[in-house]
Protein chains: 2
Amino acid sequence: MKHDVPPDSIPPRGHEAKRASIMDAAGEVFCRESFAGANIDMIAAEAGVSRQTIYNHHGDKEKLFVAIVRDLTERCNAGIFATISTFPDQPKDLEADLIAFAVRMTRNCICNRDGKFLRKLIQTEGERYPELFAEWREQGPGRTWPAIAARFARLAHAGFLDIEDPDVAARQFQALANAELQTTFMLGGTPTDDEVLQSATHGVRTFLRAFAKRQPAADAQKHSALAGA
Amino acid sequence: MKHDVPPDSIPPRGHEAKRASIMDAAGEVFCRESFAGANIDMIAAEAGVSRQTIYNHHGDKEKLFVAIVRDLTERCNAGIFATISTFPDQPKDLEADLIAFAVRMTRNCICNRDGKFLRKLIQTEGERYPELFAEWREQGPGRTWPAIAARFARLAHAGFLDIEDPDVAARQFQALANAELQTTFMLGGTPTDDEVLQSATHGVRTFLRAFAKRQPAADAQKHSALAGA
DNA sequence: GACGAATTAGACAAGAGTGTCTAAATTTAT
DNA sequence: ATAAATTTAGACACTCTTGTCTAATTCGTC
């Protein structure tokens, strides 16, 4: 009798290990070589699996590719939402807290493996897969930008910022935080921790020069918390 | 006697037409299909030329690719420097002039054919051609960023802006101007004129909120010109 | 109109990659 | 231990692509 399968119950066990290993390797290879440049034997070798196993799991090269993009989109979204949940709603030190948030965003969502891979695949193959593209756009930017904007709106409402359009502010925040990393990103490189911190610091400072609530009195941010509450 | 060749004297004439036609088509196809996905027959067909002619002109696929990237880099740089030369050194209306400049930059250097193609090729194949990459980085960003920064430095020195680090300001200006176009660029799309204007307007406004010289009096910019001189 | 250079179509060999198939080996659970 | 499922290596047919070669044709020029 098979009624005692574990409650979670993904069928076998080594089976899933192979599957994960294939996904890993395929992401790496597709990203490095582009869809057309990648070949199944490379992926099989990198995954430590026979070519046939890949065909057993995924059918063909294109289905495998689609599975990779879906998987990366999901994982990246999860990471982004996790990071958004660390947004400083009640900042002690507005500048420091926003810098730290910007650094987390860049490091954990843009520079990490999944972020780099997804970005590259979208850039490289986005035009050839309109449906996949539409799906990513809805699930990714379509959901994350409003979430970030909502956090900035809250911060403004609490009296920390002087913002008219939270959507615009959210995009500008992100753009400023990564302003000095664009060339590196363009080439698929990974900036050092120090470069990330530099760019985030400069970016947040400029952001606050533009949007920090201006007080008549001197020491601004600390008191504005009271004003907002 | 052949001493009466025109002073400019690139050997033949229909020859050069073919060459240009090949470059055009190859750019298009490499960009659309990636290096590995492109094939010579496609390029030949799109150029209206026989496959052999391409081999006569360029030797092989890789040499052709390198020629394309060099060509695009040169043309893009020329466009960028031409646009930089329209930077408002003596603005009548700082906000309006900077917005117009940002729009020119985006439209003529980032959204145009060459800009789109070069960006995509760098993103897609940059990692596979380290020497080409190094060359582009030097000739492109390595020369254009300082040139833009110098313009902002001048504007600051003339009393229009309150900037500490012109290099940082230049990058932030560009980042802000395109902040709302990132998702579109990511997928190789071209934003509408209206979207470009929107993003530039919002970006420049934020930039000026951060960096415009703050005067005690009301109508600021007009007078600061005198102060700088 | 005639010459030489460039272009063309087409065939071609060589190589690489996809996706299928088979029979043997291995793993997993009963 | 045994039975079922999965994985494996290897061979295979097929397609596509590169880069070369040849002979005919077209083009630009004198």
Side-chain angles (χ1 to χ4, degrees), chain A residues 1-26 28-68 125 128-129, chain B residues 1-26 28-68 125 128-129:
Chain A
M1 287 102 187
K2 60 177 68 166
H3 54 66
D4 56 340
V5 276
D8 139 72
S9 96
I10 293 132
R13 221 168 288 306
H15 191 64
E16 282 307 310
K18 300 270 176 195
R19 180 172 225 92
S21 158
I22 292 170
M23 296 293 274
D24 270 17
E28 198 100 29
V29 174
F30 277 135
C31 192
R32 197 174 61 228
E33 313 283 345
S34 88
F35 180 79
N39 71 331
I40 303 287
D41 293 284
M42 265 186 229
I43 297 172
E46 201 137 327
V49 149
S50 81
R51 181 173 57 244
Q52 186 58 44
T53 299
I54 294 182
Y55 284 106
N56 288 343
H57 278 257
H58 291 99
D60 66 18
K61 190 180 174 182
E62 190 161 320
K63 289 203 191 73
L64 173 59
F65 179 75
V66 171
I68 298 294
E125 316 289 348
R128 200 194 319 291
Y129 294 86
Chain B
M1 290 103 184
K2 60 180 66 168
H3 55 67
D4 56 342
V5 277
D8 138 73
S9 96
I10 293 132
R13 223 166 285 307
H15 191 67
E16 282 307 309
K18 300 271 176 197
R19 182 172 224 91
S21 158
I22 291 170
M23 296 294 275
D24 270 17
E28 198 101 29
V29 174
F30 276 135
C31 192
R32 199 175 60 229
E33 313 283 347
S34 86
F35 179 80
N39 71 333
I40 303 288
D41 294 284
M42 264 186 230
I43 297 173
E46 200 138 327
V49 148
S50 81
R51 179 174 58 244
Q52 186 59 44
T53 299
I54 294 181
Y55 283 107
N56 289 344
H57 279 257
H58 290 99
D60 67 17
K61 190 181 174 182
E62 190 161 320
K63 289 202 191 76
L64 173 59
F65 179 75
V66 171
I68 299 294
E125 316 290 348
R128 199 195 318 290
Y129 293 86

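Each chain gets a letter, A, B and so on, in the order its sequence line appears, and its residues count up from 1.
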Spacing of B:I22 atom CD1 relative to C:dT8 atom C1', expressed in whole Å: 13 Å
Sorted by chain and residue number, the side-chain contact (heavy atoms from CB on, under 4.5 Å) partners of A:D41 (sequence neighbours excluded) come out as A:N39, A:R51
Go through the structure and list residues passing salt bridge (charged side-chain N to carboxylate O under 4.0 Å, His left out) with A:E46, not counting sequence neighbours. A:R32
For D:dT7, does either OP1 or OP2 sit under 4.0 Å from a side-chain N or O belonging to A:H57? yes
Rounded to whole Å, how long is the line connecting atom CG of A:N56 with atom P of C:dT22? 14 Å
Strictly below 4.0 Å: does B:K18 bring a side-chain N or O up to OP1 or OP2 of D:dC27? no
Distance-only, no hydrogens or angles: does the A:K18 side chain make a donor-acceptor pair with backbone N or O of A:A47 under 3.5 Å? no
According to the interplanar angle, ranging from 0 to 90°, do the rings of B:F35 and B:F65 count as parallel (below 30°), tilted (30 to 60°) or perpendicular (above 60°)? perpendicular
Can you check each nucleotide of nucleotides 14-21 of chain D against protein heavy atoms at under 4.0 Å and return B for base, S for sugar-phosphate only, - for none, in 5' to 3' order? ---SBBBB
Results of side-chain contact (heavy atoms from CB on, under 4.5 Å) for A:N56 - residues two or more places apart only: A:Q52
Smallest separation among heavy atoms of B:A44 and B:S50, with atom names: CB-C, 4.0 Å
What residue pairs, at least two apart or across chains, pass ring pair (Phe, Tyr, Trp, His ring centres under 6.0 Å) with a residue in residues 41-64 of chain A? A:H15-A:H57
At under 4.0 Å between heavy atoms, what does B:H58 touch on the DNA or RNA strands: base, sugar-phosphate, or nothing? nothing
Any side-chain N or O of A:T53 under 4.0 Å from OP1/OP2 of D:dT8? yes
At how many degrees, to 10°, do the end axes of the helix from C:dG1-D:dC30 to C:dT30-D:dA1 meet when each uses five pairs? 40°
Rounded to whole angstroms, how far apart are CZ on A:R19 and P on D:dT6? 11 Å
